[in-house]
Amino acid sequence: MAVSDVVIVGSCNIDFTIYTDRIPKRGETIYGKKFTSGFGGKGANQCIAAAKLGASTAMIARLGDDNFGKEYFDLLKKHNVNTSHVMITSGISSGVAQITVSESEGDNYILIVEGANGLLSPMDVELAADIIKQAKVGLFQLEIPLETSVAAMKLFKEKSNAVLMFNPSPAKENIDPIIFTLCDILVVNETEAEMITKVVVKTIEDAYAALKSFIKLGCKTAIISLGSQGAAFATKTQKEPVHVKVNPIDNPVDTTGAGDLFLGALAYSFIYKNHLNLNEKIMFSCNIARECVQKAGAQDSFPYLKDIPHLMK
Ligand code: RIB
């Protein structure tokens, strides 16, 4: 069995994206400007982000028995992802996401149908135990059933020196707080931070307040990605949260997947850039995440290692 450095137990979606000047009002029909389709899903995005940077990765996932599922399987192979536990599931569609990118707001709105992602089970996790336990970094999200994510995290944590990164996305209210004690690093965006901690995150001070709530919930390290403002983080042992600033991008084209690219880059940094301290690892990951907002789509906009020599020094 091949050993992979990064394991992802998560979702694969096909993204259907419409770019528009503005979001239509209720009951209104308007013309969009452009349509694209591409490979997405938070789990696979984080996996491909790390793989494009050169990490050895394994994905535990379910795809539907439609053309999308077959194409997705081939894509994972093309990026040298270990697919021994990516299953094509009969009688169900692959996961899909309908994305609207509003150019006036510079933001996106995402509606997903889970399809085969919803059938990824704790038993699937058990069958992939060897791969999960041998990885150095594990990436887990909530676009698959919660009990499957929890089972995967518990199994991964049986090995003490590995780094468990948890991205509770899409965020859910009233998540069992035990989940926060399982992870080494929690990563959320402003919306997810607000939904979980009930702190409205508009300013850096708000982010600090939300980070302190995450530490109270039992997180060892919590990071809030702040888009053009970089990220802020707090740890259990450090007195005060820290703001990691980046140079903002003027007129971003599409922010879809930027958070996933941040997570893939962070996972990469914990293996291949482990001489950096946490602040530097977050800065490195923010700078890589900036790269994708200048291009349309999720995975298609993620850089290969060869595209970013200036960030690899
Ligand atoms: O995080 C971005 C992703 O969210 C998209 O690729 C879409 O599939 C949804 O899962």
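When a ligand or atom number is given, it counts from 1 through the structure's own listing order. Below, each value reflects all heavy atoms present in this structure, side chains not excepted, and no hydrogens, waters or symmetry copies.
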What's the shortest heavy-atom distance between Gly32 and Thr20, and which atoms? CA-CB, 4.3 Å
Which atom of Ala258 lies closest to which atom of Val293, heavy atoms considered: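 Residues Ala258 and Val293, closest heavy atoms: CB-CG1, 3.9 Å.
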Cationic tip of Lys33 within the cone over Tyr19's six-membered ring, i.e. under 6.0 Å and within 45° of the normal? no
[X]: numbered ligand 1 atoms lying under 4.0 Å from its heavy atoms:
X: Ala97; value: 7 (C), 8 (O)
X: Asp260; value: 1 (O), 2 (C), 3 (C)
X: Gly40; value: 6 (O), 8 (O)

Considering only protein heavy atoms, which is closest to [atom], and at what distance to one decimal place?
atom: atom 3 (C) of ligand 1; result: Asn45 ND2, 3.6 Å
atom: atom 10 (O) of ligand 1; result: Glu143 OE2, 2.5 Å
atom: atom 4 (O) of ligand 1; result: Lys42 NZ, 3.0 Å

Are any of the heavy atoms in Gly259 under 4.0 Å away from ligand 1?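 Distance cut 4.0 Å: Gly259 fails for ligand 1.
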Among Asp15, Asn108, Leu111, Leu261, closest by heavy atom to atom 7 (C) of ligand 1 is Asp15
I'd like to check whether Ile110 has a polar contact with ligand 1, where a contact means an N/O of the residue lying under 3.5 Å from an N/O of the ligand. no
Based purely on interatomic distance, does Thr256 place a nitrogen or oxygen under 3.5 Å from a nitrogen or oxygen of ligand 1? no
Fit a plane to each ring of Phe68 and Phe16, take the angle between them on a 0 to 90° scale, and name the class: parallel (under 30°), tilted (30 to 60°) or perpendicular (over 60°). perpendicular
Short question: side chain of Ser56, backbone of Asp5 - any donor-acceptor pair under 3.5 Å? yes
Donor + acceptor pair across side chains of Asn274, Lys281 (<3.5 Å):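 Yes, because at least one side-chain N or O of Asn274 sits under 3.5 Å from a partner of the opposite role on Lys281.
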Please check if any side-chain donor atom of Thr256 sits under 3.5 Å from a side-chain acceptor atom of Asn108, or the reverse.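 Yes.
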